[in-house]
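Read the structure below first, then the notes.
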Amino acid sequence: MTDPLAARMRWWGWGVDGHDAPLPKAAAALLRDELGAGGARVAPPALERIALPASTLAPPTRARLVEAVGAGHVRDDRLTRIAHTAGRSYPDLVRLRSGRGLRAPDVVVYPGTHDEVAAVLALCAQERVAVIPFGGGTSVVGGVEPLRGSFGAAVTLDLARLTGLSALDPHSQLATFAAGTTGPDVERLLGARGLTLGHFPQSFEFSTVGGWAATRSAGQASTGYGRIDALVVALRAATPSGDLATLAAPASAAGPSVRELLLGSEGVLGVITEVTLRVRPRPAEQRYDAYSLPRFAAGTEALRALVQAGAAPDLARLSDEEETRISLALSARPVAARALRAYIRGRGQRPGCLAILGFDGDRGQIAQRRARARSILRRHGAIALGPAPGAAWAKGRFHGAYVRDELLSRGVLVDTLETATSWTALGGLHRDVGMALRDALARRGAPTLVMCHVSHVYPTGASLYFTFLARQQAGAELEQWQAAKTAASEVITGAAATITHHHGVGTDHLPWLATEVGEVGLAALRAVKAQVDAAGIMNPGKLLA
Ligand SMILES: Cc1cc2nc3c(=O)[nH]c(=O)nc-3n(C[C@H](O)[C@H](O)[C@H](O)COP(=O)(O)OP(=O)(O)OC[C@H]3O[C@@H](n4cnc5c(N)ncnc54)[C@H](O)[C@@H]3O)c2cc1C
């Protein structure tokens, strides 16, 4: 029988064994020609090579944890501890592959109820042990790294046993899920009742409801369905000081919102155990249309016009010139990509920027919305490319994460970062962040590819999602990455854009949080933490450290 608590993902990368994404020949050639990278494939390390410090948890504390959650739900075997050393950021993956700089929890606990979570927090506060909440472990900002702060031991609290749909009110379109429920299970449980949440982050296959709420996640269709912040109606959480629960009322004027405090709290206040979400009828159809726009600026203007006219699609994605060039060059369907380029040229344009617009609904609604969007886009010089490129994008929508492992195996630095700003500032920010990344990596001797797309649009602005690739600086991979990350983050905060649109703060964005919320804002948030977590055991070193 399979172990229900076995790690959902392989310990060194994304997904499970057997789901590799070998690089197509064209991609290997592009890496070689443009980055001087992508040579021989280095296999991921063997588990036995990873050095693991001995657990420092006092045996009586371990015994109390066993008493709280049951013997089978307290684990400190080698694989379990290593599988909880890190999330899935680039620095995480570099550390996992090298085995250097890894910090492991002393023990991993798997509570099965809200009360068990509360009991674990209470005893860890008494015993002065750090607690790291762990959902899917897909954090890309260091959120689940088992830092122990000033404490002698660290317990990772994995929510894998806290799963399922605990209440459904279809009349009010409300569904309550246990926090450890993963994306596919959310959609399976709702789908069986003709409903959907409509939340599809690229990490959908492994991330959890609690993790989404704790990081203010955004999904690929959040332009239409709303980010998770807009979908969470109520939350229940256990803190070391006791429970926090909010009402599922549709709106409230009862002072500042505790719901908002828990959203994005990244495990530093307590553990979210239950989330009540707004759900909708499952759409009868989904259509993904592709357009070519002459330039990125024309594309962003087209998206602004769409959203400000109330005609935004559910999914809106606009690649810049570089992302478009590379995605066409690396297309899994090279013949179709060539035909697409020829078609765009035949219409009198150079292949510029590719946009994907997704629409959910019934046939009539979709037809109306598509026609309206098409007419607005055409006014901005867009050429309709039909449904095939959009359908290809939808088919591969979760594929990028697998490719990342393969790129790392070939010595390529590959990372993403995201921000959001007003429509007025978007073009300048796009230019300046790209320049900062290229300059920072060039100074360390590496040619760089920097690509970007608009991933979510709002009436007042949009998010920018950058992907950058360079040849890894062997032996100084983390320093090389940090140089690029710092340069981009300085530009972002200098331009008064957000340091993160949907990845969260974790450890990686910590140095820039005060520039966003202000010193007084930060002190106020720390005061809340001091109230609910007086000992400071909850996720030390993250968000409010
Ligand atoms: C390949 C890839 C693609 C991604 N794509 C997207 C995307 O499209 N959109 C997006 O928003 N993000 C994306 N992410 C980032 C990540 O998936 C999200 O931040 C996600 O919401 C994390 O969910 P999780 O369940 O994996 O949480 P974890 O990674 O386990 O935890 C994230 C943080 O939340 C805390 N936490 C987790 N569960 C709880 C809980 N129940 N109570 C309190 N605190 C908790 C943890 O301590 C940690 O600080 C991506 C990541 C990867 C690796």
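FYI, side chains are in, hydrogens and waters are out, and symmetry mates aren't considered; it's all heavy atoms of this structure. Remember, it's 1-based here, ligands and their atoms both numbered in the order they're listed. Source: prediction; values computed, not measured.
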Is the distance between the ring centroids of Phe398 and His19 less than 6.0 Å?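 Ring-ring flag for Phe398/His19: false, centres at least 6.0 Å apart.
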List of N/O pairs, ligand 1 versus protein, all under 3.5 Å?
unit_1, atom_1, unit_2, atom_2, d
ligand 1, 8 (O), Gln202, N, 2.8
ligand 1, 9 (N), Ala218, O, 2.7
ligand 1, 11 (O), Ser217, OG, 3.0
ligand 1, 11 (O), Ala218, N, 2.9
ligand 1, 11 (O), Ala218, O, 3.3
ligand 1, 11 (O), His502, O, 3.3
ligand 1, 17 (O), Thr138, OG1, 2.6
ligand 1, 17 (O), Ser203, OG, 2.6
ligand 1, 19 (O), Thr215, OG1, 3.4
ligand 1, 21 (O), Gly211, O, 3.4
ligand 1, 21 (O), Thr215, OG1, 2.9
ligand 1, 25 (O), Gly136, N, 2.9
ligand 1, 25 (O), Thr208, N, 2.8
ligand 1, 25 (O), Thr208, OG1, 2.6
ligand 1, 26 (O), Gly136, N, 3.2
ligand 1, 26 (O), Gly137, N, 3.2
ligand 1, 26 (O), Thr138, N, 2.9
ligand 1, 26 (O), Thr138, OG1, 2.6
ligand 1, 29 (O), Thr138, N, 3.0
ligand 1, 29 (O), Ser139, N, 2.8
ligand 1, 30 (O), Gly135, N, 2.7
ligand 1, 30 (O), Gly136, N, 3.3
ligand 1, 30 (O), Gly137, N, 2.8
ligand 1, 41 (N), Ile272, O, 2.9
ligand 1, 42 (N), Ile272, N, 2.8
ligand 1, 44 (N), Gly267, N, 3.3
ligand 1, 47 (O), Pro133, O, 2.6
ligand 1, 47 (O), Asn539, ND2, 3.1
ligand 1, 49 (O), Gly143, O, 3.1
ligand 1, 49 (O), Glu266, O, 3.2
ligand 1, 49 (O), Asn539, ND2, 3.3

Testing Thr61, Val155, Ile537, Leu65 one by one against Glu127 for a side chain to side chain contact (heavy atoms under 4.5 Å, CB included), which residue passes?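 Per the side chain to side chain contact (heavy atoms under 4.5 Å, CB included) rule, the option paired with Glu127 is Thr61, out of Thr61, Val155, Ile537, Leu65.
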Enumerate the ring pair (Phe, Tyr, Trp, His ring centres under 6.0 Å) contacts for residues 94-113, please, sequence neighbours excluded, ordered by first and then second residue.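 Residue pairs passing ring pair (Phe, Tyr, Trp, His ring centres under 6.0 Å), neighbours aside: none found.
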Rounded to the nearest 0.5 Å, what separates atom CG in Asp314 from atom OG1 in Thr223?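 Nearest 0.5 Å value for the CG-OG1 distance: 8.5 Å.
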How far apart are the C-alpha atoms of His503 and His509, what are their side-chain angles, what is the distance that settles it, and do they pass the ring pair (Phe, Tyr, Trp, His ring centres under 6.0 Å) test? CA-CA 9 Å; His503 283 165; His509 292 142; 7.6 Å; no
If you draw a 6.0 Å radius around CZ in Arg78, do more than 12 non-hydrogen atoms from other residues or ligands fall strictly inside?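 Enclosed.
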